[in-house]
*Asks:* 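Below is the structure I would like to discuss, written out as structure tokens.
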Amino acid sequence: MKKTIVALATAGALIGAAATPAGAATPPEHHSVICDSASFYAHYTVGEGPFDLIRTLYYGNDVGHTHGAQAENNGWGYTQDFGPNDWGWMQLNCMS
């Protein structure tokens, strides 16, 4: 019985780890939007830039990004919007 519980706990931990979004592996550092408005996109392709606009964020909105932990490409960073708690791409120079 004890081995079964340990096996189930281990399997649950592995399933939980596999379900973790890529950007959420490291909790992001808190930032605020410092531009009047900043576009927040779902995807980014190297050489083409961001696409699939999710929403526009405005001055003072709370966002999260950790340099070196979340992806960055050509001035854009994979960022968490703390409002609805989702992830997207935002210009790095628009966050504090």
Side-chain angles (χ1 to χ4, degrees):
M1 178 75 170
K2 194 173 190 178
K3 287 182 182 180
T4 302
I5 293 171
V6 171
L8 289 174
T10 302
L14 290 174
I15 291 169
T20 302
T26 299
E29 294 174 356
H30 181 266
H31 297 276
S32 293
V33 175
I34 58 172
C35 294
D36 289 336
S37 63
S39 299
F40 189 66
Y41 292 92
H43 305 286
Y44 185 94
T45 300
V46 176
E48 295 181 25
F51 59 99
D52 291 339
L53 180 68
I54 299 172
R55 72 181 70 76
T56 301
L57 301 176
Y58 296 96
Y59 182 87
N61 283 136
D62 292 324
V63 295
H65 177 82
T66 301
H67 296 285
Q70 277 87 37
E72 296 178 2
N73 284 305
N74 202 27
W76 292 83
Y78 195 57
T79 304
Q80 184 178 18
D81 179 358
F82 288 143
N85 198 32
D86 57 356
W87 288 83
W89 291 86
M90 190 179 109
Q91 286 185 307
L92 293 169
N93 65 349
C94 280
M95 63 179 79
S96 62

*Asks:* Identify the heavy atoms of S37 and T56 that sit nearest to each other, and give their distance.
*Replies:*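 Here S37 and T56 meet closest at CB-CG2, 3.7 Å.
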*Asks:* Among pairs that include at least one residue of residues 66-80, which meet salt bridge (Lys or Arg N to Asp or Glu O under 4.0 Å), considering only residues two or more places apart or in two chains?
*Replies:*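 Every pair satisfying salt bridge (Lys or Arg N to Asp or Glu O under 4.0 Å) with a residue in residues 66-80: there are none.
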*Asks:* With the 4.5 Å side-chain cut-off for hydrophobic clustering, are Y78 and V63 part of the same group?
*Replies:*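 Different clusters.
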*Asks:* Restricting to pairs with a member in residues 53-70, which pass salt bridge (Lys or Arg N to Asp or Glu O under 4.0 Å), not counting sequence neighbours?
*Replies:*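 For residues 53-70, and leaving out neighbouring residues, the salt bridge (Lys or Arg N to Asp or Glu O under 4.0 Å) pairs sorted by first residue read R55-D81, R55-D86.
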*Asks:* State, to 0.1 Å, how close P50 and Y44 come at their nearest heavy-atom pair, and which atoms those are.
*Replies:*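 Looking at all heavy atoms of both residues, the closest pair is N-CD1, 3.5 Å.
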*Asks:* Going hydrophobic residue to hydrophobic residue with side-chain gaps under 4.5 angstrom, can you get from Y41 over to W87?
*Replies:*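 Yes, because Y41 and W87 connect within a single hydrophobic cluster, where side-chain heavy atoms sit under 4.5 Å apart.
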*Asks:* Is it the case that over 12 heavy atoms from other parts of the model lie below 6.0 angstrom from the CG atom of D36?
*Replies:*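 Check fails, neighbour count at 12 or below.
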*Asks:* Over all heavy atoms of both residues, which pair between L53 and S39 is shortest? Give the atoms and the distance, please.
*Replies:*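 Smallest interatomic distance, heavy atoms only, reads CD1-CB, 3.8 Å.
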*Asks:* Please check this pair: side chain of T66 against backbone of E29, looking for a donor-acceptor N/O pair closer than 3.5 Å.
*Replies:*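 Yes, because the side chain of T66 sits within donor-acceptor range (under 3.5 Å) of the backbone of E29.
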*Asks:* For N74, is the CG atom crowded, meaning more than 12 foreign heavy atoms sit under 6.0 Å from it?
*Replies:*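 It does not: N74 CG has 12 such atoms or fewer within range.
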*Asks:* Between W89 and F40, does the ring centroid distance fall short of 6.0 Å?
*Replies:*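 Here the rings of F40 and W89 have centres that are no less than 6.0 Å from each other.
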*Asks:* Grouping I, L, V, M, F, W and Y whenever their side-chain heavy atoms are under 4.5 Å apart, do V46 and L92 come out in a common cluster?
*Replies:*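 Shared cluster, no.
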*Asks:* Where is the tightest heavy-atom contact between T45 and F51, given as atom of each residue plus distance?
*Replies:*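 Looks like OG1-CE2, 3.0 Å.
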*Asks:* Please walk me through it: do Q80 and F82 pass side chain to side chain contact (heavy atoms under 4.5 Å, CB included)?
*Replies:* CA-CA 6 Å; Q80 184 178 18; F82 288 143; 3.1 Å; yes
*Asks:* How would you list all residue pairs meeting disulfide bond (SG atoms under 2.5 Å apart) that involve residues 29-96, not counting sequence neighbours?
*Replies:*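 Residue pairs passing disulfide bond (SG atoms under 2.5 Å apart), neighbours aside: C35-C94.
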*Asks:* Tell me whether W76 shares a hydrophobic cluster with I54, the cluster being built from Ile, Leu, Val, Met, Phe, Trp, Tyr side chains joined at under 4.5 Å.
*Replies:*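 As far as the 4.5 Å side-chain criterion goes, I54 and W76 are not connected within one cluster.
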*Asks:* Using a 3.5 Å distance criterion without hydrogens, assess whether the side chain of T79 forms a donor-acceptor pair with backbone atoms of H65.
*Replies:*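 Side chain of T79 to backbone of H65: no pair is present.
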